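Structure first, then comments.
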Amino acid sequence: MDDNEAMMAGLAAVGEAGVDIVPALFDRFFARFPETRELFLSLEAATGRMTNETLEAMIGLATDEYWVETTVINFVDLHRNYGAIPMAQYAAFIDMTVNALAEAAGTGWSAQAGAAWRRQAERLKAMVEEATAF
Ligand code: HEM
């Protein structure tokens, strides 16, 4: 099973569990970085989009999709409107997204799915780091 298949199996387990990962993910993010909460003016719309884009980027990376780099450059640019977001916050958000998937999937989550998601999470962090350096 390659990373793409393992990641999809993990997502399917989340789907079967019927859990929306967005609320728990942002509860955790705001608990860790409370100073960011006031930057979110339209919480409901933005948090869903932010979560989806993070998931999509990792899924795209698993099959080396050409558009991932442009997507990353675009969202990092967009985020300059919200101040200088430290790399530590990006990295934590990406890790917390994968953690939220694993928790939501529960017993349906496999070690293989976890390893695949974490491998692509590391690649995404490296890409974000490069984009924030400009
Ligand atoms: C891989 C990481 C991230 C991705 C892919 C991502 C993506 C997105 C997307 C797609 C939106 C919605 C834009 C829109 O349609 O209006 C958004 C909004 C936003 N993001 Fe992120 N984001 C990430 C990390 C972060 C981090 C670490 C912060 C730290 C503060 C942050 C702060 C914000 C804020 C303040 C908004 C606007 C909220 C609002 O208008 O209510 N993002 N993000």
Side-chain angles (χ1 to χ4, degrees):
M1 196 188 277
D2 62 21
D3 276 7
N4 178 251
E5 287 166 334
M7 288 164 80
M8 289 304 163
L11 268 192
V14 175
E16 268 162 43
V19 177
D20 174 8
I21 67 165
V22 178
L25 169 57
F26 276 85
D27 279 354
R28 241 173 250 169
F29 185 74
F30 292 140
R32 175 113 160 251
F33 304 107
E35 70 280 14
T36 64
R37 175 62 186 84
E38 65 182 15
L39 299 171
F40 287 79
L41 302 178
S42 51
L43 194 67
E44 212 166 312
T47 54
R49 286 203 284 263
M50 201 158 122
T51 307
N52 282 339
E53 193 149 315
T54 304
L55 294 172
E56 274 169 23
M58 288 186 273
I59 291 167
L61 279 170
T63 47
D64 291 322
E65 299 298 333
Y66 73 91
W67 47 262
V68 180
E69 194 172 8
T70 318
T71 299
V72 171
I73 289 168
N74 285 345
F75 77 67
V76 167
D77 267 353
L78 170 94
H79 283 68
R80 294 190 208 281
N81 294 333
Y82 314 128
I85 297 177
M87 186 57 215
Q89 284 182 16
Y90 277 117
F93 185 75
I94 293 166
D95 285 336
M96 286 176 182
T97 303
V98 177
N99 292 344
L101 288 179
E103 265 167 44
T107 54
W109 193 251
S110 69
Q112 229 175 345
W117 276 98
R118 296 204 186 282
R119 231 180 333 266
Q120 302 310 323
E122 291 310 311
R123 294 181 69 201
L124 178 57
K125 285 187 235 173
M127 226 176 229
V128 171
E129 186 154 27
E130 213 170 295
T132 53
F134 279 98

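These figures come from a predicted structure and were not determined experimentally.
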So, taking the atom named OG1 in Thr51 and the one named CG in Asp20, what distance separates them when rounded to the nearest 0.5 Å? 8.0 Å

All heavy atoms of Trp109 vs all of Gly10, minimum pair found to be CZ3-CA, 3.7 Å

Please tell me if the side chains of Phe40 and Met50 come closer than 4.5 Å, counting only heavy atoms from C-beta onward. yes

Please step through side chain to side chain contact (heavy atoms under 4.5 Å, CB included) for the pair Leu43 and Arg37, ending with a clear verdict. CA-CA 9 Å; Leu43 194 67; Arg37 175 62 186 84; 3.5 Å; yes

Tell me, yes or no, whether the heavy-atom count around Glu35 atom CD, taken from other residues, nucleotides or ligands under 6.0 Å, exceeds 12. yes

From CD (Gln89) to CE (Met96), nearest 0.5 Å: 9.5 Å

Is any side-chain heavy atom of Met58 less than 4.5 Å from a side-chain heavy atom of Ile94? yes

Between OG1 on residue Thr107 and CD on residue Glu16, distance to nearest 0.5 Å: 9.5 Å

If I compare all heavy atoms of Val98 with all of Ala121, which pair ends up nearest, and what's the gap? CG2-CB, 4.1 Å

Which heavy-atom pair separates Phe93 from Thr97 by the least distance, and what is that distance? O-OG1, 2.7 Å

CA sep, side-chain torsions, deciding dist, call: Met8, Leu11, side chain to side chain contact (heavy atoms under 4.5 Å, CB included): CA-CA 5 Å; Met8 289 304 163; Leu11 268 192; 4.2 Å; yes

Here the gap from Tyr90 atom OH to His79 atom NE2, rounded to the nearest 0.5 Å, amounts to 5.0 Å

Would a hydrophobic clustering, with Ile, Leu, Val, Met, Phe, Trp and Tyr connected at side-chain separations under 4.5 Å, put Met1 with Val14? no

Under a plain distance cut-off of 3.5 Å, with no hydrogens placed, do Glu65 and Thr63 share a side-chain donor-acceptor pair? yes

Close side-chain approach of Leu61 and Asp3, heavy atoms under 4.5 Å: no

When you compare the side chain of Ile73 with that of Met127, does any pair of heavy atoms fall below 4.5 Å? no

Work out which heavy atom in Met7 is nearest to a heavy atom in Ala116; give both atom names and the distance. CG-CB, 3.8 Å

Checking the side chain of Glu5 only, and the main-chain atoms of Asp2 only, is there a donor and an acceptor separated by less than 3.5 Å? yes

Please report, to 0.1 Å, the donor-acceptor pairs under 3.5 Å made by any side chain of residues 21-33, with sequence neighbours excluded.
| residue | atom | partner | partner atom | Å |
| --- | --- | --- | --- | --- |
| Arg28 | NH1 | Glu103 | OE1 | 3.3 |
| Arg28 | NH1 | Glu103 | OE2 | 2.9 |
| Arg28 | NH2 | Glu103 | OE1 | 3.1 |

Show, in sequence, the C-alpha distance, side-chain angles and deciding distance for Arg123 and Asp64, and conclude whether the side chain to side chain contact (heavy atoms under 4.5 Å, CB included) test is met. CA-CA 11 Å; Arg123 294 181 69 201; Asp64 291 322; 2.7 Å; yes

Give a yes or no answer on whether the side chain of Asp95 reaches the backbone of Ala92 with a donor-acceptor pair at less than 3.5 Å. no

Rounded to the nearest 0.5 Å, how far apart are CD of Gln120 and NZ of Lys125? 12.5 Å

Is there side-chain contact between Val128 and Phe75, with at least one heavy-atom pair below 4.5 Å? yes

Could you pull out the closest heavy-atom pair between Ala6 and Gln112, with the gap in Å? CB-O, 3.8 Å

Yes or no on side chain to side chain contact (heavy atoms under 4.5 Å, CB included) for Trp117 and Leu55, after CA distance, side-chain angles and deciding distance? CA-CA 9 Å; Trp117 276 98; Leu55 294 172; 3.9 Å; yes

Could you tell me which non-hydrogen atom of Ala104 sits nearest to which non-hydrogen atom of Ala17, and how far apart they are? O-CB, 3.2 Å

Value for CG (Leu124) from CD1 (Ile59), rounded to nearest 0.5 Å, stands at 11.5 Å

Main chain of Ala113, side chain of Ser110: is a donor-acceptor contact present, judged purely on distance under 3.5 Å? yes

